[in-house]
Q: 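Take a look at the following structure, please.
Every chain is numbered from 1, with letters handed out A, B, ... down the list of sequences.
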Amino acid sequence: QQQVKQSPQSLIVQKGGIPIINCAYENTAFDYFPWYQQFPGKGPALLIAIRPDVSEKKEGRFTISFNKSAKQFSLHIMDSQPGDSATYFCAASMVYTGNQFYFGTGTSLTVIP
Amino acid sequence: DGGITQSPKYLFRKEGQNVTLSCEQNLNHDAMYWYRQDPGQGLRLIYYSQIVNDFQKGDIAEGYSVSREKKESFPLTVTSAQKNPTAFYLCASSKGGRVRSYNEQFFGPGTRLTVL
């Protein structure tokens, strides 16, 4: 059973566009929601993370929007660049489970020059 | 230069052989994790360890074994009982341990295992 559902599976945008990746969860005990970026053949790296006490967090061109009532959160990439082409994973965890992360299935993003 | 190292980067084994993947971290983290990554399935947790000499099964532990004899090392053995072992294996660590806190997981570069 997938604890975190992620969509779309793949996404192609033009340079400068704003790709949006969505994630949904069921377990209301989740209290930490990170996004990871992974380039081919590499391990994932933390991009940005949010806790449920805020509805939005921005770091540079990356923004997380969080809707607690809908149990959804999304990643927006402003002014996307070809260098942003990568696979993006959302995740969720709860502090009570010793930091066990539940990952979405990933979104492959391609930014066309 | 702190980080997580996994070796080797590529590994080939014959079907029926056990193989051990190495994971070492010098971040002084208490918690370590093993994930398996397959196309379209994201990262699935195999085993995790919050402290030395203690580890728990993740969602897909069957056919795998681990040990945690040292804080900095968390090797994963893929046994012959694992029916479909060909995959990309990722090791991660976090400050974690038994302290309740929000901790980023840091990932190693991965090992791609191919069973022939």
Q: Are more than 12 heavy atoms, taken from residues, nucleotides or ligands other than Lys71(B), located less than 6.0 Å from that residue's NZ atom?
A: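 Counting neighbours around NZ of Lys71(B), more than 12 heavy atoms of other residues, nucleotides or ligands fall under 6.0 Å, so yes.
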
Q: With the 4.5 Å side-chain cut-off for hydrophobic clustering, are Tyr88(A) and Tyr102(A) part of the same group?
A: yes

Q: Kindly compute the distance separating CD (Glu104(B)) from OH (Tyr36(A)), expressed to the nearest 0.5 Å.
A: 5.0 Å

Q: Considering only heavy atoms, which portion of Gln38(A) lies under 4.5 Å from any heavy atom of chain B: side chain, backbone, both, or neither?
A: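 Answer is side chain: those atoms of Gln38(A) sit under 4.5 Å from chain B.
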
Q: Pick one of side chain, backbone, both or neither for Leu43(B), based on which atoms fall under 4.5 Å of a heavy atom in chain A.
A: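 Both backbone and side chain.
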
Q: Establish whether Leu45(B) and Ile60(B) are linked, either directly or via other cluster members, by ILVMFWY side-chain heavy-atom contacts under 4.5 Å.
A: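 No, it is not one cluster - the side chains of Leu45(B) and Ile60(B) are not joined through contacts under 4.5 Å.
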
Q: Once side-chain hydrogen bond (donor to acceptor under 3.5 Å, both in side chains) is applied, what residue pairs with a partner in residues 62-73 of chain A remain, sequence neighbours excluded?
A: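 Passing the test, one end in residues 62-73 of chain A: Glu26(A)-Lys71(A), Asn67(A)-Ser69(A).
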
Q: What distance do Gln37(B) atom CD and Phe89(A) atom CZ have between them, rounded to the nearest 0.5 Å?
A: 4.5 Å

Q: If you round to the nearest 0.5 Å, how far is CG of Leu46(A) from CZ of Phe106(B)?
A: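 Reported to 0.5 Å precision, the distance equals 7.5 Å.
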
Q: For the CD atom on Glu62(B), are there more than 12 heavy atoms of other groups (residues, nucleotides or ligands in this structure) within a distance under 6.0 Å?
A: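 Atom CD in Glu62(B) is not crowded, with 12 or fewer foreign heavy atoms closer than 6.0 Å.
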
Q: Is Pro44(A) close to chain B through its backbone or its side chain, or both, or neither, when contacts mean heavy atoms under 4.5 Å?
A: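 For Pro44(A), heavy atoms of backbone and side chain both lie under 4.5 Å from chain B.
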
Q: Given the rule that I, L, V, M, F, W and Y join up when any side-chain heavy atoms are under 4.5 Å apart, are Trp34(B) and Val52(B) in one cluster?
A: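 Different clusters.
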
Q: Do the ring centers of Tyr33(B) and Phe101(A) come within less than 6.0 Å of each other?
A: no

